[in-house]
Asker: 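This is the structure I have questions about; it appears just below.
Start at 1 and go down the list; that is how both ligands and their atoms are numbered. Residue indices begin at 1 and follow the sequence shown.
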Amino acid sequence: MIYNEEFETMPREALESIQLRRLQATVARVYNATPFYRRRFEEAGVAPADIRSLSDLQKLPFTTKADLRDNYPFGMFAVPMDNVTRIHASSGTTGKPTVVGYTARDIQTWAELMARSLMAAGTRRDDIVHNAYGYGLFTGGLGVHYGAERLGASVIPISGGNTKRQVMIMKDFGPTVLTCTPSYALHVAEVAGEMGVSFRDLKFKAGIFGAEPWSEQMRREIERTLNLKAMDIYGLSEVMGPGVSVECIEAQNGLHIFEDHFIPEIINPHTGAVLPYGTPGELVFTTITKEAFPLIRYRTRDLSVLYPEPCRCGRTIVRMGRIQGRSDDMLIIRGVNVFPSQIESVIMETKHFEPHYQLVVERIGTLDQLTVLVEVNEAMFSDEIKNLQSIERELERNIRETLGVAAQVKLVEPKGIQRSEGKAVRVIDKRNI
Ligand code: DLL
């Protein structure tokens with residue numbers, strides 16, 4: 001089902017003419033309201049009047065996370081503070097958070113796009129949404145919350161954490177849609193198991209998971225253990241929060257980007273050159289309706305690919321492939337580039353393992369050493385040492401053969417890897433310490 005038929009299934013030509021009009025308005029607005037953009041545009045020798053077609057977008061300079069940091073906290077807002085009704089922030093791994101602002105209208109737009117997302121992923125008005133994304137500065141909790149309300153579903157604002165209580169509420173309230181990070185979904189399932197509660201007896205039909213990278217193999221594992229259909233939702237605070245793109249339940253073939261609000265591009269992360277549809281690279285977004293915090297050509301660092309063909313669900317908006325990793329997550333181990341999600345795929349394809357792992361990178365002398373910590377279950381852990389060792393060697397071989405990288409595998413006892421209530425920590429990089 002489609003929440004906003006008009007905009008989600010609009011003929012491309014009509015959509016593109018709306019995009020151009022909105023882009024021109026946004027560019028004029030940021031040029032006049034935000035000294036940062038005026039300076040940047042002047043440096044690039046471009047003025048709002050130069051944007052005459054959508055391809056002129058390429059004349060505009062990129063915006064990066066460093067620009068946001070330099071203007072911390074509110075320097076890039078394009079409206080006076082008395083028009084800002086909400087502030088969110090995303091905690092970076094280092095230093096200050098990235099701060100974003102919303103006007104009342106921005107919040108309305110976000111609610112609409114989240115309503116579209118939830119419906120695309122299979123949510124209906126009579127569903128009960130168990131929303132275990134964190135409420136607070138993180139955009140996940142409140143983003144889903146407003147969307148579920150806009151759609152007319154019932155929302156349980158449980159937030160993350162206190163997992164046993166979550167399981168009790170799942171049993172008693174009978175929610176039908178679960179929203180949280182994929183890693184937390186697995187953790188909830190594990191705690192439910194310990195409490196003697198099976199997901200087969202719960203009422204979930206779908207889970208709408210995002211906010212962290214996850215592989216196709218992880219999706220299958222979640223679908224198996226939680227007995228629901230696992231849908232992928234993408235977004236980032238800077239651009240809005242969750243609801244920038246989402247899979248549709250009909251085709252589940254890439255994530256539909258709400259192009260009447262965001263213009264996506266894919267660029268070569270090294271040269272900045274715009275790449276054609278179908279070529280993988282770094283996702284760049286320009287927001288064309290946001291008021292408080294418009295972003296021009298924001299480099300997300302997320303790696304994906306765009307597919308323009310219309311989907312059989314009827315949506316005409318472009319689709320992006322599952323996020324393949326972040327360019328700044330890429331590990332270079334003795335010259336070989338690897339993304340944590342690729343290791344995850346190999347782990348999940350090798351039998352024996354629990355879906356809990358962590359990658360540790362160390363520098364020994366001048367060489368990087370990658371250690372893969374993977375959990376095994378109770379039964380296996382009490383197995384003979386030599387069997388465990390042969391399982392370790394098997395995974396090492398699979399990683400080497402699939403990714404061409406030498407890793408050391410260490411099996412970890414059950415629960416040996418820390419569980420997350422939000423975004424899982426998959427990589428521990430000891431090289432900078
Ligand atoms: O994680 C917003 C969100 C909340 C998305 C709930 C989906 C669900 P940030 O905290 O700013 O915002 O983190 C954004 O998370 O640049 C990606 O690297 C990663 N990410 C988000 N969704 C996905 C996904 C939210 N479906 C950063 N797959 C982004 C892979 C994702 N990575």
Side-chain angles (χ1 to χ4, degrees), residues 63-65 68-69 87-93 96-102 110 113-114 116-118 120-121 123 129 131-148 159-160 177-185 207-219 222 230-247 252 254-258 262 264 269 282-285 287 293 295 298-305 319-330 339-342 344-345 420-427:
T63 309
T64 64
K65 192 141 191 143
L68 271 47
R69 212 176 300 131
I87 292 165
H88 280 285
S90 82
S91 47
T93 36
K96 302 265 193 204
T98 303
V99 184
V100 296
Y102 305 76
W110 189 14
L113 297 189
M114 272 311 301
R116 289 189 198 176
S117 301
L118 293 169
T123 316
V129 179
N131 184 22
Y133 283 115
Y135 281 64
L137 283 176
F138 176 53
T139 52
L142 284 164
V144 169
H145 185 103
Y146 275 59
S159 194
V177 173
L178 173 61
T179 53
C180 62
T181 59
S183 56
Y184 189 56
I208 306 175
F209 304 122
E212 66 183 7
W214 54 314
S215 61
E216 205 49 48
Q217 289 79 356
M218 186 66 90
R219 187 209 303 267
I222 291 175
M231 309 294 297
D232 197 1
I233 184 167
Y234 168 83
L236 61 167
S237 328
E238 297 93 311
V239 172
M240 179 177 76
V244 173
S245 67
V246 71
E247 284 179 332
Q252 213 176 37
L255 295 86
H256 292 280
I257 299 174
F258 295 114
F262 315 110
E282 179 182 340
L283 259 175
V284 170
F285 285 104
T287 69
F293 188 69
L295 273 178
Y298 183 65
R299 294 189 55 162
T300 62
R301 304 267 161 204
D302 291 323
L303 301 172
S304 184
V305 55
R319 284 166 294 132
M320 56 181 253
R322 162 191 290 292
I323 298 288
Q324 293 303 322
R326 290 177 55 80
S327 54
D328 42 11
D329 265 6
M330 188 177 78
F339 289 101
S341 59
Q342 294 177 301
E344 174 179 301
S345 299
S420 86
E421 291 177 351
K423 297 179 191 246
V425 179
R426 301 290 195 199
V427 180

Asker: Under the salt bridge (charged side-chain N to carboxylate O under 4.0 Å, His left out) rule, what pairs show up with a residue in residues 232-244, not counting sequence neighbours?
Answerer: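 Every salt bridge (charged side-chain N to carboxylate O under 4.0 Å, His left out) pair that includes a residue of residues 232-244, provided the two are not neighbours, is K65-E238, D232-R322.
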Asker: Would you please name every residue forming a side-chain contact (heavy atoms from CB on, under 4.5 Å) with S345, sequence neighbours left out?
Answerer: S215, Q217
Asker: Applying side chain to side chain donor-acceptor pair (under 3.5 Å), name anything that partners H145, two or more places apart in sequence or on another chain.
Answerer: Y135, E149
Asker: For ligand 1, list the protein residues that place a heavy atom within a distance below 4.0 Å of one of its atoms, sorted by chain and number.
Answerer: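 If the criterion is a heavy atom under 4.0 Å, then ligand 1 touches S90, Y133, F138, T139, G140, G210, A211, E212, P213, D232, I233, Y234, G235, L236, S237, E238, P242, D302, I323, R326, K423.
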Asker: Crowded around Y146 OH? As in, over 12 foreign heavy atoms under 6.0 Å?
Answerer: no
Asker: Which heavy atom of Y133 sits nearest to which heavy atom of G141, and what is that distance?
Answerer: CB-N, 3.5 Å
Asker: For L113 and F258, work out which heavy atoms get closest and say how close.
Answerer: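 Smallest interatomic distance, heavy atoms only, reads O-CE1, 3.9 Å.
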